[in-house]
> 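Before anything else, here's the structure in question.
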Amino acid sequence: MLNSSHSSHFTLGAYVDLGLLKWLYFLIVLSVYVLILLSNLLLIIVICLNRTLHEPMYIFLCSLFMNELLGSTGLFPMLLFQITQDVHTIRTYFCFIQIFFIHFYITIEFVIQTVLSYDRYLAICFPLQYSTRMNTNKLIFLTAFTWIYAFAIILVLVLLSSPLQLCEHSISKVYCINYSVVKLSCSDTSINNIYGLFITFVTFFGPLIFIACTYIRIFRECFRGSKQTRQKALSTCGPHLASIINFSFGSLFEVLQSRFDLRNVHSVIQVVLSLYFLAVQPLFNPLIYGFKLTKVRELSKSLLRSVVSH
């Protein structure tokens, strides 16, 4: 048996020989990555520079856009590098770095979405008490908690996986993810599996249950209010719901693919869907929030016009 710490690399087995087409795929993936970087950076700059957007919802959105930059950078540079290679291997330490950043990104995404749903719940169900319930101290606490909590639980995840003794070193994906490495182990992985299921619940199912409960209360309050109240609530809740549904769809497939045998699903479909929540969400969020939130849209246009005019 070989210890993972003594293995110099993993093989990424989901890549296929693309021939000369690899350069076309390289340009497509590079274009998507550049678009992700520019769109998220634009909205971060808009929120930071405009005092009218220094409100809790927009501060949480700023954290969300920063997370999109983090997640896409955890995937795309290595993906671009692998597309150009004939032999698809990744050094062990790079693999565990990628595992950390991808799981860190997933955890923060769900926690921020949960915080945003709580913020919308307070704003819609308790409008007169919103400023006292979502004060500066709570805003700082929730923002800091999101990043510290995610860092702590994912660090433990990686520390549990990195010492495992491995019988194989071929990962059947185009990037490294924790459970794919755990499945290669020929040592006892009981603790890894229990902790993995714990993280799956607290970062996926737990937040979704909380979000569902808050939106039940929000919709109930909206139906009691006037038409204007409903329209105002839906204008801010609509992008948030679309973002949650989009990310949950991709994450659910990844959970199912990791835990169950999906050999009946075509390999190309598996690769596309496994990349969906990592590649589409970082582009989806800035587009949906940028277009749907009037303040953000108008200030973004103004910033872009000033940049172009200079």
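Computed over heavy atoms, backbone and side chain alike; hydrogens, waters and symmetry mates excluded. What you see is a predicted model, and the numbers here were worked out from it, not measured in a lab.
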> If you take all heavy atoms of Ser274 and Tyr175, which pair is closest and at what distance?
O-OH, 2.8 Å
> Got Leu122 and Pro127 here, is their nearest side-chain heavy-atom distance under 4.5 Å?
no
> At what distance, to the nearest 0.5 angstrom, does OG of Ser248 lie from CG of Leu208?
4.0 Å
> According to a 4.5 Å side-chain heavy-atom criterion applied to Ile, Leu, Val, Met, Phe, Trp and Tyr, with indirect links allowed, do Phe201 and Ile199 form part of one hydrophobic cluster?
yes
> Measure from NZ or CZ of Arg217 to the centre of the six-membered ring of Tyr121 and say whether it is under 6.0 Å with the direction within 45° of the ring axis.
no
> Could you walk me through whether Ser185 and Gln165 satisfy the side chain to side chain donor-acceptor pair (under 3.5 Å) test, starting with their C-alpha distance in whole Å, then the side-chain angles of each, then the deciding distance to 0.1 Å, before giving a yes or no?
CA-CA 6 Å; Ser185 176; Gln165 292 180 321; over 6 Å; no
> Under 3.5 Å, is there a donor-acceptor pair between the side chain of Ser243 and the main chain of Pro239?
no
> Could you work out, with ring pair (Phe, Tyr, Trp, His ring centres under 6.0 Å) as the rule, every residue matching Tyr215, not counting sequence neighbours?
Phe219, His240
> Do the side-chain N and O atoms of Asp119 and Tyr130 include a donor-acceptor pair separated by under 3.5 angstrom?
yes
> About how many Å separate OH of Tyr15 and OG1 of Thr89, when rounded to the nearest 0.5 Å?
10.5 Å
> Show every salt bridge (Lys or Arg N to Asp or Glu O under 4.0 Å) that has at least one partner inside residues 28-43, sequence neighbours left out.
none
> Would Tyr276 and Asn246 count as having a side-chain donor-acceptor pair, cut-off 3.5 Å?
yes
> Heavy atoms only: give me the nearest Ser170-Leu184 pair and the separation to one decimal.
O-CD2, 3.4 Å
> Answer whether the closest heavy-atom distance between the side chains of Tyr58 and Asn50 falls below 4.5 Å.
no
> Among Gln85, Gln98, His9, which one satisfies side chain to side chain contact (heavy atoms under 4.5 Å, CB included) with Ile90?
Gln98
> Counting only heavy atoms from other residues, nucleotides and ligands, does the tally under 6.0 Å from CZ of Phe198 exceed 12?
no
> Check the pair Lys22 / Asp86 against salt bridge (Lys or Arg N to Asp or Glu O under 4.0 Å), numbers first and verdict last.
CA-CA 10 Å; Lys22 67 184 180 182; Asp86 295 322; 3.5 Å; yes
> For Tyr195 versus Val156, what's the shortest heavy-atom pair and its separation?
OH-CB, 3.4 Å
> Taking the side chain as C-beta and beyond, is there a heavy-atom pair between Thr189 and Lys183 under 4.5 Å?
no
> Drop me the distance from Phe110's CZ to Phe205's CZ, to the nearest 0.5 angstrom.
9.0 Å
> Less than 4.5 Å apart, side chain to side chain, heavy atoms only: is that true for Leu160 and Val182?
no
> Given ring-ring contact (aromatic ring centres under 6.0 Å, His included), test Phe100 with Phe151 step by step and report yes or no.
CA-CA 9 Å; Phe100 176 84; Phe151 180 85; 5.6 Å; yes
> For the atom pair CD1 (Ile209) and OG1 (Thr214), what is the distance rounded to the nearest 0.5 Å?
12.0 Å
> Let's test your reading of the model: do Cys62 and Cys48 have SG atoms under 2.5 angstrom apart?
no
> Linking I/L/V/M/F/W/Y whenever any side-chain heavy atoms sit under 4.5 Å apart, do Ile245 and Leu116 land together?
no
> Once rounded to the nearest 0.5 Å, what's the spacing between atom SG of Cys237 and atom CD1 of Ile218?
4.5 Å
> Ala279 and Phe76: which non-hydrogen atoms are nearest, and at how many Å?
CB-CZ, 3.8 Å
> Does atom CE (Met57) have a neighbourhood of more than 12 heavy atoms from anything else shown, all under 6.0 Å?
yes
> With a 4.5 Å limit on heavy-atom distance, are the side chains of Ser39 and Leu283 in contact?
yes
> Show the nearest heavy-atom pair for residues Ser251 and Phe204, with the distance to one decimal.
CB-CE1, 3.8 Å
> Given 3.5 Å as the limit, does a donor-acceptor pair link the side chain of His54 with the main chain of Ile47, or not?
yes
> Would a 4.5 Å heavy-atom cut-off, applied to side chains only, mark Ile99 and Val158 as touching?
yes
> Look only at the side chain of Thr143 and the backbone of Ile140, and say whether a donor-acceptor pair between them is shorter than 3.5 Å.
no
> Kindly check if the number of other-residue, nucleotide or ligand heavy atoms within 6.0 Å of CD1 (Ile191) is above 12?
no
> Less than 3.5 Å apart, any donor N or O on the side chain of Gln281 or Glu68 sitting next to an acceptor on the other?
no
> Give a yes or no on whether the backbone of Arg133 and the side-chain of Lys138 come within a donor-acceptor separation of less than 3.5 Å.
yes
> Do the side chains of Val46 and Leu38 join up, straight or via other hydrophobic residues, at under 4.5 Å, putting them in one cluster?
yes
> Measuring from Asn285:CG to Leu64:CG, what's the distance to the nearest 0.5 Å?
4.5 Å
> Test Phe277 against Phe249 for ring-ring contact (aromatic ring centres under 6.0 Å, His included), laying out the working first.
CA-CA 8 Å; Phe277 75 113; Phe249 165 76; over 10 Å; no
> Kindly give the heavy-atom pair with the smallest separation between Ser63 and Trp147, and that separation in Å.
OG-NE1, 3.5 Å
> Applying a strict under-4.5 Å side-chain criterion to I, L, V, M, F, W and Y, I'd like to know whether Leu42 and Leu287 cluster together.
yes
> Any side-chain heavy atom of Thr11 sitting closer than 4.5 Å to one from His88?
no
> Does Phe104 have more than 12 heavy atoms from other residues, nucleotides or ligands lying within 6.0 Å of its CZ?
yes
> Whether the side chain of Asn178 engages the backbone of His103 through a donor-acceptor N/O pair (distance < 3.5 Å, no angle test) should be reported.
no
> Would you find a donor on one side and an acceptor on the other, under 3.5 Å apart, between the side chain of Ser180 and the backbone of Cys176?
no
> Check for a donor-acceptor pair, side chain of Asn40 on one end and backbone N or O of Pro286 on the other, with a separation under 3.5 Å.
no
> Tell me whether Leu21 is reachable from Leu80 by hopping between hydrophobic residues (I, L, V, M, F, W, Y) whose side-chain heavy atoms are closer than 4.5 Å.
yes
> In this structure, is the centre-to-centre distance between the rings of Tyr149 and Phe145 below 6.0 Å?
yes
> Which atom pairs, donor and acceptor, lie under 3.5 Å between side-chain atoms of residues 23-36 and protein residues at least two apart or in another chain?
residue : atom : partner : partner atom : Å
Ser31   : OG   : Leu27   : O            : 2.7
Tyr33   : OH   : Thr73   : OG1          : 3.1

> Would you tell me whether Asp188 and Ser190 have side-chain atoms, one donor and one acceptor, within less than 3.5 Å of each other?
yes
